[in-house]
Amino acid sequence: QVQLEESGGGLVQTGGSLRLSCVASGSIFSIKAMGWYRQAPGKQRELVATITSGGTTNYADSVKGRFTISRDNAKNTVYLQMNTLKPDDTAVYYCNADVRLSAWYTQTSNYWGQGTQVTVSS
């Protein structure tokens with residue numbers, strides 16, 4: 001199995017910064033893409049940012065220019081640097097990974113972490 005573990009969440013004031021980390025472990029051949037999603041109370045889970053193994057990034061419009069996603073392929077780790085945080089950023093942030101499990105086949109499987117709470121006070 002593959003496990004994803006997030007860290008770095010916490011409570012910050014409006015305008016502050018946080019850096020989230022997610023480490024993937026387990027039976028991994030390679031990780032095609034990793035990303036961050038978030039879910040606020042009473043709302044659906046939404047995409048925040050994704051990054052491929054080649055470094056191609058994608059951001060939600062609501063975080064573009066404020067958040068930066070990066071990864072260390074050798075460590076199977078993805079980061080989310082969050083700057084200029086707003087109360088609307090308050091949510092549980094979930095790490096996601098599209099993982100290739102076998103050296104013989106290119107098929108990938110999708111995994112989720114347990115989430116880390118980010119709270120931005122107004």
Side-chain angles (χ1 to χ4, degrees):
Q1 295 184 353
V2 174
Q3 297 82 40
L4 304 179
E5 183 175 0
E6 304 101 332
S7 62
L11 173 64
V12 298
Q13 294 180 332
T14 297
S17 298
L18 284 173
R19 184 174 184 252
L20 305 183
S21 299
C22 174
V23 180
S25 61
S27 183
I28 299 171
F29 177 74
S30 65
I31 301 179
K32 180 181 178 181
M34 301 185 78
W36 291 95
Y37 296 72
R38 67 187 182 187
Q39 187 167 19
K43 296 184 178 180
Q44 293 183 328
R45 189 172 299 186
E46 64 177 357
L47 181 147
V48 178
T50 60
I51 185 168
T52 69
S53 61
T56 300
T57 59
N58 183 51
Y59 296 92
D61 288 342
S62 60
V63 307
K64 195 171 298 182
R66 300 187 297 119
F67 291 9
T68 302
I69 189 170
S70 61
R71 67 184 292 175
D72 186 335
N73 291 338
K75 297 180 179 180
N76 291 331
T77 301
V78 65
Y79 307 93
L80 185 68
Q81 179 66 47
M82 305 186 294
N83 298 326
T84 319
L85 284 162
K86 305 174 181 179
D88 285 348
D89 296 320
T90 296
V92 177
Y93 283 71
Y94 295 92
C95 180
N96 178 266
D98 194 26
V99 180
R100 178 177 172 177
L101 302 177
S102 172
W104 302 100
Y105 302 99
T106 60
Q107 181 182 355
T108 60
S109 298
N110 195 252
Y111 295 89
W112 292 94
Q114 293 298 309
T116 184
Q117 178 70 49
V118 172
T119 303
V120 185
S121 63
S122 60

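The shown structure was predicted, so the numbers you read here are calculated from the model rather than taken from an experiment.
- In terms of the side-chain hydrogen bond (donor to acceptor under 3.5 Å, both in side chains) criterion, residue partners of Gln117 (sequence neighbours excluded) are, by chain and number, Thr119.
- Within the structure, the side-chain hydrogen bond (donor to acceptor under 3.5 Å, both in side chains) test picks out the following pairs touching residues 84-100 (sequence neighbours left out): Arg38-Asp89, Arg38-Tyr93, Arg66-Asp89, Asn96-Asn110, Asp98-Thr108.
- Lys64 meets the salt bridge (charged side-chain N to carboxylate O under 4.0 Å, His left out) test with Asp61; sequence neighbours excluded.
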Show me the side-chain donor-acceptor pairs of residues 14-28 shorter than 3.5 Å, one per line, residues at least two apart or across chains.
| residue | atom | partner | partner atom | Å |
| --- | --- | --- | --- | --- |
| Thr14 | OG1 | Ser121 | O | 2.6 |
| Ser17 | OG | Asn83 | OD1 | 2.9 |

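- Sorted by first and then second residue, the ring-ring contact (aromatic ring centres under 6.0 Å, His included) pairs with a member in residues 40-73 form an empty list; sequence neighbours excluded.
- Contacts classified as disulfide (SG to SG under 2.5 Å) and involving residues 31-80 (residues at least two apart or in different chains) are not found.
- Annotation for Met34 and Arg71: closest pair N-NH1, 3.9 Å, computed over non-hydrogen atoms.
- Applying the ring-ring contact (aromatic ring centres under 6.0 Å, His included) rule to pairs touching residues 17-56 yields Tyr37-Trp112, sequence neighbours excluded.
- Cluster membership for Leu47 and Met82, using ILVMFWY side-chain heavy atoms within less than 4.5 angstrom, is not shared.
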Trace of the side chain to side chain contact (heavy atoms under 4.5 Å, CB included) decision for Asn58 with Thr56: CA-CA 7 Å; Asn58 183 51; Thr56 300; over 6 Å; no
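- Side-chain N or O atoms of Gln114 include none that pairs as donor or acceptor with a backbone N or O of Glu6 at under 3.5 Å.
- Residue pairs meeting the disulfide (SG to SG under 2.5 Å) criterion with at least one partner in residues 25-70, sequence neighbours excluded, are absent.
- Contacts classified as salt bridge (Lys or Arg N to Asp or Glu O under 4.0 Å) and involving residues 9-18 (residues at least two apart or in different chains) are not found.
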Pair Asn73-Ile31, side chain to side chain contact (heavy atoms under 4.5 Å, CB included): steps then yes or no: CA-CA 8 Å; Asn73 291 338; Ile31 301 179; over 6 Å; no
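- For Leu80 against Ala49, the heavy-atom pair with the smallest separation is CD1-CB, 4.3 Å.
- Note that the OH atom of Tyr79 and the OG1 atom of Thr68 stand 14.5 Å from one another [nearest 0.5 Å].
- Around CD of Glu5, the count of heavy atoms belonging to other residues, nucleotides or ligands within 6.0 Å does not exceed 12.
- Contacts of Lys43 classified as side-chain hydrogen bond (donor to acceptor under 3.5 Å, both in side chains), with partners at least two apart in sequence or in another chain: none.
- The closest side-chain heavy-atom distance from Val99 to Leu101 is below 4.5 Å.
- Residues meeting the side chain to side chain contact (heavy atoms under 4.5 Å, CB included) test with Ser102, sequence neighbours left out: Trp104, Tyr105.
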